[in-house]
Chemist: 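Following this message is one structure expressed as structure tokens.
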Amino acid sequence: MSANSFPTNNLAVVTCGLPYANGNLHIGHMRTYVTGDTLSRSLRKIGQKTAFVCGSDMHGTPVAVNAWKEGKHPKEFALSWHEKYKQPFLGMAIEFDNYGHTDDEVNTMLTREIVKTLDDSNHIYDKEILVAWDPLENQPLPDRYVEGACPHCGANARGDECDDGCQRHLEPGEILNPKSIITGNDAEYRNKSHKFFRISDFQDYLQGFINRLEGTANAKNQPREWIEGSLRDWCITRDIDWGIPYPGAEETDLVLYVWVDAVVEYISSTKQYSDRVGSATFDWESAWKKNGEIIHVIGRDIIQHHAVFWPAMLYGSGYTEPRAIMATGFVNLNKKAFSTSRNRAIWVDDYFSEKLDPDLLRYYLVTVGSLQDDIDFSWSNFADKVNGELVGNTGNFLYRSLLFAHREYGGTPQKLVSETVNKRIQEAITEFSDSINKYSLRSSALAGTKLAQYGNAYIQQNEPWKLKKSNPDFAAQVIRDCLQICKAVCILLSPTMPNTTQKIWEEMGESNSIHQVTLIEALESPPISFNSPSEPFMPIDDKKLKDLNSKLDQRINHNSTMGNENSPSETSNLNRISFELFQKLDLRIGKILETKEISGSEKLLLLTVDIGSETRQIVAGIRKFYTMDDLIGKHVVVATNLEKATIFGTESDGMVLAAGDSADLLTTHGDSSPGERIR
RNA sequence: AGCGCGAUAGGAUAGCCAGGAUAUUCCGCCGGGCUCAUAACCCGGAGACCGGUGAUUCAAAUUCACCUCGCGCUACCA
């Protein structure tokens, strides 16, 4: 291990990307927070002094816009979300040492101080830019306050991005027919002076920084395009009256761009923790101004802010640079990212309302794949992991060992741990620490799971239930060894599953909190006596699984059939056709009789469809979304008078109708028979 | 378009930076065992030309080049 391996003698600060005070949290967010929480607990487990801090991100245009829509003051609006976030964090056992928000006094003060330092040292300059303006109200219209038509594709777009259409970023002034979203007035463009952070001053520094940075590969490499290319200066002010006022002698009406004060909250929140517990326990200045080990856990969508702007700000104002950035991948549903506006997500509240143990989700999120890769969430996958690894392996081992020990010996037999088992536990401890140093929480958690697996094999092969008659002394030895493994397993898994392991810890007769002990304790004797244990994990049975799946399916399908893909304005802008033209379409009910793969194609299926008067051979691009057996017998809608087409060398005589990107097949509610005309 | 991250048995995954002989683990499948334990657990087996092509090497999943596909980022999306 190198000299600066964890644990170091410095203070560590683990932070999580701030939740934006604008909407509910889903399990994609939780992937980041569970990772941060598990990391901070793990660091403490190996003896690193650590603070885990976060806060709500209160400012910015989206909050201002949404508050306005609800007729609230932005502060009231943001604070209500800030309050709401306490519950899901508590429920998921995410224990921040401090959870603040960006609009509080400490953050306001520190942010202004940092910006002033940057300004005083000439890293900030004024520049006139075009901003949208509401001439009637005499108000500036930043970012999302302005709407109009995208100059590239014509779709309805916000001032800064064509988010409904071609997704292109729009520069100020590009949008056509700009209107204020507040008043509906036509907007115009005016010149206005703004503050720019000269990031190019830090190019050399950042090049060094990105080579030193530890963490996930995406965080270390994605910013290189900017850092090793030419850095563009960063506009750090906005024309709204919600945010932290720009500091300086000549007060302006500008507030700081939300990303400036959002990241400073990492420092502010640490300071608040420090102020509360005293600097003898945790000195924020030692961490942030001297030699702290700063680790940021974020979603991979905000890498640039943390790996480019933020280190430049810190360096320019004399603060400690981040040691590592861990950028987590997204949680997807059917390979596609959650969409909060379409309610295509697993919300944290959904999870709680199913009365599922939070530790199960924590374990799943931590161990399901590599941290930086996207994962595809499914309840079946989740249930497999819970039932296989937690119930079957870990839980079963703990339960059978503790129960046997309690019944036969009333606790831990008076023996020394065998050399073999002692060595195996030490290996697990080493594996755990090594994994933390590689920022792999997956392997650190699996160190515990694998040890439990070893325990299961150990007890099975030694069969103490037989030995207790033939060789009682050896039986006691085996159980003694198993109990040591139990103790170690609990400690190793405690960062990932804090509640369950604490419960077992107490059942083993331990009197302190498992979260106060370090890894070394795993080799010390368990208590001599304890009571009957309880089953650590409850399985997710088939009925529950089916229920979870159908609830989710229902919601996703409901949303995709409700026309959510198209905003009302989009559909109303369509070119209308005459009824006569519509009548020319011959749409009929067809029944799928056979399905065949088309070799060489991943997407296409060859369908034989009964359309009443005849059967047709139709090629459809639905192979990705349906299994061949599921399709047989389905009633679908067929456009029968379409020109024949040759697709992938196969003739297609007609077209099967399906909705959207996931090719949701149109089918019937009643019992219409094949050939029936649709009108 | 540029850049980043990926592609490994039916599904999900590890290994890749520091190249080495039968490619890891979990679910599922097949066969056997056990009964202390939550129909759990243990042992054995089948199943992968490690996305493609080429290069370097005694040796490539691992390094290099090019290509294909997927996802994302591109600075006023927090």
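All values reported here derive from a predicted model rather than from experimental measurement. Values reported hereafter were calculated over all heavy atoms of this structure, with side chains retained and with hydrogens, waters and symmetry mates removed. First the proteins, then the strands, lettered A, B, ... as listed; each starts at 1.
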Chemist: Between B:rC50 and B:rU25, how far apart are the C1' atoms? Round to whole Å, please.
Modeler: 16 Å

Chemist: What nucleic acid atoms does A:Arg224 come within less than 4.0 Å of, heavy atoms only: base, sugar-phosphate, or nothing?
Modeler: nothing

Chemist: Would you mind telling me which of B:rG72, B:rC76, B:rC36 lies closest to the side-chain atoms of A:Arg300?
Modeler: B:rG72

Chemist: Is the shortest side-chain N/O distance from A:Trp226 to OP1 or OP2 of B:rC3 below 4.0 Å?
Modeler: no

Chemist: Do A:Gln222 and A:Gln304 pair up side chain to side chain, a donor and an acceptor below 3.5 Å, judged on atom types alone?
Modeler: yes

Chemist: Determine which nucleotide pairs with B:rG44, using a 3.5 Å limit on both distances of a Watson-Crick or G-U wobble pair.
Modeler: B:rC30

Chemist: Using a cut-off of less than 4.0 Å, is there contact between a side-chain N or O of A:Gln460 and OP1 or OP2 of B:rA40?
Modeler: no

Chemist: Can you tell me if A:Ser534 and A:Glu507 form a side-chain donor-acceptor pair at under 3.5 Å?
Modeler: yes

Chemist: Which nucleotide wins on minimum distance to the side chain of A:Trp465, given the candidates B:rC36, B:rC42, B:rC76?
Modeler: B:rC36

Chemist: At under 4.0 Å between heavy atoms, what does A:Phe397 touch on the DNA or RNA strands: base, sugar-phosphate, or nothing?
Modeler: nothing

Chemist: Would you classify A:Asn396 as touching base, sugar-phosphate or nothing, given that sugar-phosphate means primed atoms plus P, OP1 and OP2, and contacts are heavy atoms under 4.0 Å?
Modeler: base

Chemist: Passes salt bridge (Lys or Arg N to Asp or Glu O under 4.0 Å), A:Arg198 versus A:Asp201? Steps please.
Modeler: CA-CA 6 Å; A:Arg198 203 183 291 107; A:Asp201 289 351; 3.5 Å; yes

Chemist: Check every strand shown and say whether A:Gly392 touches a base, only sugar-phosphate, or nothing at a heavy-atom separation below 4.0 Å.
Modeler: sugar-phosphate

Chemist: Taking for each residue the nucleotide of RNA chain B bearing the nearest heavy atom, is the 5' side occupied by A:His305 or by A:Asp376?
Modeler: A:Asp376

Chemist: At less than 4.0 Å, is any side-chain N or O atom of A:Asn221 found next to OP1 or OP2 of B:rC5? Yes or no.
Modeler: yes

Chemist: Are side-chain N/O atoms of A:Ser200 and A:Asp233 paired as donor and acceptor at under 3.5 Å?
Modeler: yes

Chemist: In terms of side-chain heavy atoms of A:Asn218, which of B:rC42, B:rC5, B:rA37 is nearest?
Modeler: B:rC5

Chemist: Tell me which nucleotide, if any, is Watson-Crick or G-U wobble paired with B:rU35 when both distances must be under 3.5 Å.
Modeler: none

Chemist: Tell me whether the OP1 or OP2 atom of B:rU35 has a side-chain N or O from A:Lys466 closer than 4.0 Å.
Modeler: yes

Chemist: Say you pick atom C1' in B:rG19 and the same atom in B:rU57; how far apart are they, in whole Å?
Modeler: 9 Å

Chemist: Could you tell me the Watson-Crick or G-U partner of B:rG19, where both distances fall under 3.5 Å? Say none if there is no partner.
Modeler: none

Chemist: Let me know the distance between CD1 of A:Ile303 and P of B:rC71, rounded to the nearest Å.
Modeler: 18 Å

Chemist: Applying a 3.5 Å limit to both distances, which nucleotide forms a Watson-Crick or G-U wobble pair with B:rA55?
Modeler: B:rU63

Chemist: What contact category does A:Glu535 fall into here, base, sugar-phosphate, or nothing, at under 4.0 angstrom with non-hydrogen atoms?
Modeler: base

Chemist: Just checking A:His29 against A:Phe338, ring centres under 6.0 Å apart?
Modeler: no

Chemist: For the pair made of CZ in A:Arg232 and C1' in B:rC76, what is the distance, rounded to whole Å?
Modeler: 11 Å

Chemist: Provide the Watson-Crick or G-U wobble partner of B:rC3, both distances under 3.5 Å; none if there is no partner.
Modeler: B:rG72

Chemist: For A:Glu408, which contact category applies under a 4.0 Å heavy-atom criterion: base, sugar-phosphate, or nothing?
Modeler: nothing

Chemist: Given the C1' atoms of B:rC29 and B:rA48, what is the spacing between them in whole Å?
Modeler: 16 Å

Chemist: Using a cut-off of 4.0 Å on non-hydrogen atoms, how would the nucleic acid contact of A:Leu18 be classed: base, sugar-phosphate, or nothing?
Modeler: base

Chemist: Taking atom types as modelled and ignoring hydrogens, do the side chains of A:Asn107 and A:Ser268 form a donor-acceptor contact shorter than 3.5 angstrom?
Modeler: yes

Chemist: Need to verify one output field. Residue with the more 5' nearest nucleotide on RNA chain B, A:Thr237 or A:Leu371?
Modeler: A:Leu371

Chemist: Please tell me if A:Arg407 has a side-chain N or O lying less than 4.0 Å from either OP1 or OP2 of B:rA37.
Modeler: yes

Chemist: With no hydrogens and no angle check, do the side chains of A:Thr328 and A:Thr35 hold a donor and an acceptor under 3.5 Å apart?
Modeler: no

Chemist: Side chain of A:Leu403 only, please: which of B:rA37, B:rC26, B:rU38 is the nearest?
Modeler: B:rA37

Chemist: Calculate the interatomic distance between A:Arg238 atom CZ and B:rC76 atom C1'; express it in whole Å.
Modeler: 4 Å

Chemist: Classify the side chain of A:Glu225 versus the base of B:rC73 as yes if they form a donor-acceptor pair under 3.5 Å and no if they do not.
Modeler: no

Chemist: In whole Å, what separates the C1' atom of B:rU22 from that of B:rC34?
Modeler: 29 Å

Chemist: Contact class for A:Ala262 vs. all strands (heavy atom < 4.0 Å): base, sugar-phosphate, or nothing?
Modeler: nothing

Chemist: Find the distance A:Lys438:NZ to B:rG15:P and express it as a whole number of Å.
Modeler: 8 Å

Chemist: Taking the minimum atom-to-atom distance to the side chain of A:Val391, which one of B:rU38, B:rA37, B:rC34 wins?
Modeler: B:rU38

Chemist: Return the nucleotide paired to B:rA12: Watson-Crick means purine N1 to pyrimidine N3 with N6-O4 or O6-N4, wobble means G-U with N1-O2 and O6-N3, both under 3.5 Å.
Modeler: B:rU25

Chemist: In whole angstroms, how far is the P atom of B:rA40 from the CE atom of A:Met538?
Modeler: 13 Å

Chemist: Whole-Å distance between B:rC17 C1' and A:Leu213 CG?
Modeler: 15 Å

Chemist: When you get a sec, tell me which of B:rA75, B:rC36, B:rC76 is the closest nucleotide to the side chain of A:Cys235?
Modeler: B:rC76

Chemist: Could you tell me whether the side chains of A:His82 and A:Ser56 share a donor-acceptor contact shorter than 3.5 Å?
Modeler: yes

Chemist: What integer number of Å spans the C1' atoms of B:rA18 and B:rG33?
Modeler: 43 Å

Chemist: If you compare every side-chain N and O of A:Ser370 against the phosphate oxygens of B:rA14 (OP1, OP2), does one of them come in below 4.0 Å?
Modeler: yes

Chemist: Between P on B:rG72 and CG on A:Asn332, what's the gap in Å once rounded to a whole number?
Modeler: 8 Å

Chemist: Looking across every strand, which nucleic acid part, if any, lies under 4.0 Å from A:Phe309 by heavy atom: base, sugar-phosphate, or nothing?
Modeler: base

Chemist: What interatomic distance, in whole Å, is found between P of B:rC71 and the corresponding atom of B:rG28?
Modeler: 30 Å

Chemist: So if I take every side-chain heavy atom of A:Ala457 and compare against B:rC36, B:rC42, B:rC76, which nucleotide ends up nearest?
Modeler: B:rC42

Chemist: Using whole Å, report how far CD of A:Gln372 lies from P of B:rC73.
Modeler: 15 Å

Chemist: For nucleotides B:rC3 and B:rC58, find the distance between their C1' atoms and express it as a whole number of Å.
Modeler: 38 Å

Chemist: Using the side-chain heavy atoms of A:Asp373, tell me which of these nucleotides is nearest: B:rC5, B:rA37, B:rU13.
Modeler: B:rC5

Chemist: For the residue pair A:His101 and A:Asp57, confirm or rule out a side-chain donor-acceptor distance under 3.5 Å.
Modeler: no

Chemist: Look at A:Tyr399 and B:rU38 and indicate whether a side-chain polar atom (N or O) is within less than 4.0 Å of OP1 or OP2.
Modeler: yes

Chemist: Give the nucleotide from the list B:rC76, B:rC36, B:rC5 with an atom nearest to the side chain of A:Ala217.
Modeler: B:rC5

Chemist: Could you tell me how far B:rA7 sits from B:rA61 if I compare only their P atoms? Round to whole Å.
Modeler: 15 Å

Chemist: Where the side chain of A:Pro536 is defined as all heavy atoms beyond and including C-beta, which of B:rU38, B:rA75, B:rC42 is the nearest nucleotide?
Modeler: B:rU38

Chemist: Return the orientation label for the A:His123 and A:Phe197 ring planes: parallel under 30°, perpendicular over 60°, tilted otherwise.
Modeler: perpendicular

